[in-house]
Participant: 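Shown below is the structure under consideration.
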Amino acid sequence: MTTPKPASSPRQVLLEVRHLKKYFPIYKGLMRKVVNQVRAVDDVSFFVRQGETLGLVGESGCGKTTASRCILRALTPTSGEILFREADGTVTDLAKLDRRGLARFRPQMQMIFQDPFASLNPRMTIFDIVSEPLYVHGMRSRAERTEKVAELLRLVGLRPEYMQRYPHAFSGGQRQRIGIARALALRPRLVVADEPVSALDVSVQAQVLNLMLELQEALSLTYLFVAHDLSVVKHISDRVCVMYVGKIVETAPTLELFAAPRHPYTAALLAAVPVPDPQRRTAIQELPGEVASPANPPSGCYFHPRCQFAVERCRQESPQLEEIAPDHFVSCHRAAELSLPGAVSHV
Amino acid sequence: MNTGNPTPATPSTPLSEPAALDDALLITSQEEERVSVASNWTLVWWRFRKNKLAVFSAVLLIFLFTIVLAPDFFSTMDPETTDAKLAFIPIQRIHWFDEGKLRPWVPAVIGKRDPVTLRMVWTTDDTQKVYLRFFSAGYTYQLFGRFEANLHLVTALNPEDANRIHLLGTDRLGRDQWSRLAYATRISMTIGMISVILSVVLGLLLGGVSGYLGGLTDMFIQRLIELLQSLPTIPIWLALTAALPRTWSPERVFFAISIILALRGWTTLGREVRGRFLSLREEDFVLAAELAGASRWRIILHHMIPTFTSHIIATSTLAIPVMIVTETSLSFLGLGLRPPAISWGVMLQEAQNIQTLALAPWLMIPGLAVIIAVLAFNLVGDGLRDAADPYSH
Amino acid sequence: MHPPAFPLLSVQDLKAYFYMDEGVVKAVDGVSFDVYPGQVVGIVGESGCGKSVTMKAILQILEPGGKIVSGKVQLRVRRAGRPDLDTGGPNSAEELLDLTRLHPNSKLMRKIRGAEIALIPQEPMAAFSPVHTVGSQIMEAILLHNKVSKAEARQRAIDAFRAVGISMPEQRIDAYSWELSGGLRQRAIIAMALSCNPRLLIADEPTTAIDVTTQAQILRLLRDLQREKDTAIIFITHDLGVIAQMAHYVVVMYLGRVMEQGPVNEIFANPRHPYTQALLKSIPSVQSTPRVRLPTISGSIPHPFNRPKGCPFHPRCTQFIRGVCDSAAPELLAVGKDHLASCFLYQSQEVTA
Ligand SMILES: Nc1ncnc2c1ncn2[C@@H]1O[C@H](COP(=O)(O)OP(=O)(O)OP(=O)(O)O)[C@@H](O)[C@H]1O
Ligand SMILES: Nc1ncnc2c1ncn2[C@@H]1O[C@H](COP(=O)(O)OP(=O)(O)OP(=O)(O)O)[C@@H](O)[C@H]1O
Ligand code: SF4
Ligand code: SF4
Ligand SMILES: [Mg+2]
Ligand SMILES: [Mg+2]
């Protein structure tokens, strides 16, 4: 299988993931024998360019969180390469590094979490939380840290006076801002955001999305934005990767993906999104069946039991990710012949 | 946005323009301000103090601890003084008023030997008054084993009457029960505390190692815990304590018993610590610290341990009464502490047969002390457990 | 759609408070709306605005500490052939019953839950007990409300499973709830709710915890069932997309009060209340332009103990009128046909008109 090669573009590739796999063993019995494996991430390849937002969408359990944690090396991948380009241009494979080797890369990649409650230690003040990365990376002077934390809080739209408060004094949206301030403390180049707005109230989601867009522009950040909400992903991403049962089925520039999807699963996903417009009532279209289990994936194309276009070949042979247009990669045997409806009429 | 070539980040300069301030939910009242800067322990305390029963029990425990620290202050005489002539003196009731004035006294007891049974029969004589004084000088003792002191909670007004006060009566050997109870409180409470502290140390160490390292170590420690928990406790304790040489000094027996109690006591705590370690490892804020580059030790010391200390304290508080009851039972059976050590169990040994009970029911009072202490520890422990996690609803 | 003349359920100025150590939580503070037979009423609102508590108050299943303080919940009940619902009133086929007058544990209230009003609870795991098979629990509900034999009840349960599109209903009926996948479990819950042919179905966020493709299946199912059986549905969600797809009539709630209610097309095309307007603008949609600043609602939802005085939305409202909005709460008044809003912007107009 080929890995998606970035088309020539003015931007450099910051992160390239090649054939990433993460299998979790399933144990059974007293002797903890390995009886099977959950193929949470099953041969995933994609790249992220400097300064862009790559959205990663898929349904629950398709491996988004696992993939993003492997990239941050919170998990050790089973196999594959995670190529990260540093500011000076050197490219390193993070998958091969141990704890000590990773230390140098930690400040360059940070994470924004989904749960605004679980991600802040309730026993630490906001100052302690936001300044921890600074302290760990050698900023020992308290005055210096105080100044820096104040600057970070202002940056995310919080008052520096809040510094001595504990997380319980803040609402979900504000906690998410605090989490963003912590992630930005070390001036990372890549920010992995795992469902950063899905736990927030609808009226607060937009605030956080706006903040993320503003910060990206101001600090030239690169985002890997993981979410299951297609509307949110469409709003924030330059390009989108669609995952299904541990595999990437389609990667394309956002507008192209939403207007002219080439993979039947992407099309089904788009059709399932309820449109907030009562005039477009016929929109609910259902995809039959259930998501396959990553412990027992079907043969051939994992999507074939639910795919209305499946042919014999789909049952036997696993399709490969192929570039069918510039920056548009699809993994479907019939990608070239199918014409599928999108969610938006214009490109 | 996102068209041209982005300029590379320049870390030394100020970050950028601040975002619009989120002003709408400024905290307004002072009460809220107070809550918003309240640390974990403040919140635990606020929650704990709402539980009136637990607060009352805590006060009771503090009182018991002062007895533990200075039993001599509370006693009226040396608990070891025996005088066979003064055996089985009943409880003397304290009268607070004398002829309408506040002047506490106890009636003197007068013994007559029963001509048939040859036993002393005591009657109280309200006409002979032994006056009491509070916070006054009595026999001298070593406070904390270092300072000479002679202050006592209660003494006889008249120093000659010093041996005539037996607030809780006397036992078979004429020893003053009130004073003995003060000493027994010290030993029984301390043995409970020491064995729990030992359990906590063992539990934290083994549970922490088990939870943190995982793998084979974890498996081994888990099996060990299961083994220890599946052993029938009473026979094991009986065997172990019976094996203690009779020649050992009371102090050595005391520590040996604490260790024996702790040997099984740590398993519950070990489990709890391991469970918390495992679940904490998965917490987002721990991952955040890890991604920030914090070392393992920093994560354990700054994130994991503070998160479960309140739970550990609650669990340990709940473990103390178990230890106290175990020690009492063992000593009662003659297998724990042995005289001359004084503990609640040792004292209760005196109340072992029906005859003495019928004759001198006040010898069961140490049992009351056990019940009160156990209840108080349980109520405080429950209160702490409920308050331990102030962030849940 | 043409609503019949009389509502099936009429909630009038309902207030339900929780009395706690820390103070009183006014979870529902004056909610009114009607549900007509065969109508889908969508209730939207952000987390904590009192959607679930309103439904629990209607069914009188509030958690301890919660009390209905005032208001009416009038339900039109069938009497014909249902002597168990006989309230001793005049001998008509239907009659109005104020549910708040009934004792929560009375026989009549228990009959109404399930037989007249069925609930799809918000926590799908709470709907079924893990120690009994789903089939036996559905049969129990059928036996409670109908005089049928066990075999008949089982057959009805299997039919209900088939009706909600569960394949192999004969086998699945003997499964435990934890053996079913999220989508199947949700279908089983719907089967149980519909097993006694209720006239009103309350679906409390039936699709929030499940994936979009499964959500589409469930929405389609509910819509089909509603059309077939003409069941009225109260559909609770915070997803405006789902509301647009499902509801005929929409009630927008904020902090325990109704901000606006009206026909779905009106609410989406012509929202009148500042909160509804802001909410609709702030959500990104697959249709909207990507990577632009979204209009936002500033601030966040206040803590339930500090409800703002006056209009509950005033600290976040851009059209806030000083001295008016922060002193008294506006009433829910008509701003169009079947369209009501609770906002001083429209009430002053009415006064001047
Ligand atoms: N530590 C683990 N051990 C075993 N299986 C795991 C583990 N972590 C994840 N999995 C499994 O791997 C698969 C992918 O999980 P992952 O959390 O990455 O999904 P996701 O796409 O993030 O889903 P969601 O939208 O629910 O967050 C799931 O089937 C999950 O059950
Ligand atoms: N048992 C309870 N005790 C005390 N307060 C409660 C209780 N149940 C709900 N509340 C409070 O009542 C308010 C309304 O809660 P409710 O569950 O109705 O919200 P909701 O609109 O259903 O939100 P969600 O979208 O999160 O389900 C909240 O502020 C909540 O804190
Ligand atoms: S490969 Fe076949 S089954 Fe898979 S998506 Fe394409 S057409 Fe469908
Ligand atoms: S009543 Fe006033 S504050 Fe409330 S929504 Fe209307 S204009 Fe805004
Ligand atoms: Mg996830
Ligand atoms: Mg709810």
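Throughout, protein chains are lettered first and strands after them, A, B, ... in sequence-line order, and every chain is numbered starting at 1.
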Participant: Could you look at A/Glu59 and say if it's the side chain, the backbone, both or neither that has a heavy atom under 4.5 Å from chain C?
Facilitator: both
Participant: Identify which part of C/Pro295 has an atom lying under 4.5 Å from any heavy atom of chain A, answering side chain, backbone, both or neither.
Facilitator: backbone
Participant: Salt bridge check: are C/Glu170 and C/Arg162 linked by an N-O gap of less than 4.0 Å?
Facilitator: yes
Participant: Mind checking whether C/His273 and C/Tyr275 have parallel, tilted or perpendicular rings, split at 30° and 60°?
Facilitator: perpendicular
Participant: Determine the option with the most heavy-atom pairs under 4.5 angstrom with chain C, choosing from A/Pro288, A/Ser231, A/Gly289.
Facilitator: A/Ser231
Participant: Say whether A/Asp194 and A/Thr65, considering side chains only, have a donor N or O and an acceptor N or O under 3.5 Å apart.
Facilitator: yes
Participant: Determine, stepwise, if the pair A/Phe170 / A/Tyr162 fulfils ring-ring contact (aromatic ring centres under 6.0 Å, His included).
Facilitator: CA-CA 9 Å; A/Phe170 295 90; A/Tyr162 293 166; 5.5 Å; yes
Participant: Among A/Leu209, A/Val233, A/Asn210, who wins on heavy-atom pairs under 4.5 Å with chain C?
Facilitator: A/Asn210
Participant: Less than 4.0 angstrom from a charged side-chain N to a carboxylate O is my criterion; do A/Arg306 and A/Glu290 meet it?
Facilitator: no
Participant: Identify whether the distance between the nearest side-chain nitrogen and carboxylate oxygen of A/Asp238 and A/Arg49 falls below 4.0 Å.
Facilitator: no
Participant: Please list, in residue-number order, every residue in residues 195-205 of chain A that has a heavy atom less than 4.5 Å from any heavy atom of chain C; write 'none' if there are none.
Facilitator: A/Asp201, A/Val202, A/Ser203, A/Val204
Participant: A/Glu250: what forms a side-chain hydrogen bond (donor to acceptor under 3.5 Å, both in side chains) with it, not counting sequence neighbours?
Facilitator: A/Thr266, A/His328
Participant: What part of C/Thr289 gets within 4.5 angstrom of chain A, counting heavy atoms only: side chain, backbone, both, or neither?
Facilitator: backbone
Participant: Write down the atom of A/Ala292, the atom of A/Tyr244, and the distance for their closest heavy-atom approach.
Facilitator: N-OH, 3.7 Å
Participant: Check this for me, if you would: do C/Glu260 and C/Arg272 make a salt bridge, where the nitrogen-to-carboxylate-oxygen distance has to be below 4.0 angstrom?
Facilitator: no
Participant: Looking at chain A, which one of C/Val292, C/Leu279, C/Ile210 has the largest number of heavy-atom pairs inside 4.5 Å, strictly under?
Facilitator: C/Val292
Participant: What part of C/Leu184 lies closer than 4.5 angstrom to a heavy atom of chain A: side chain, backbone, both or neither?
Facilitator: both
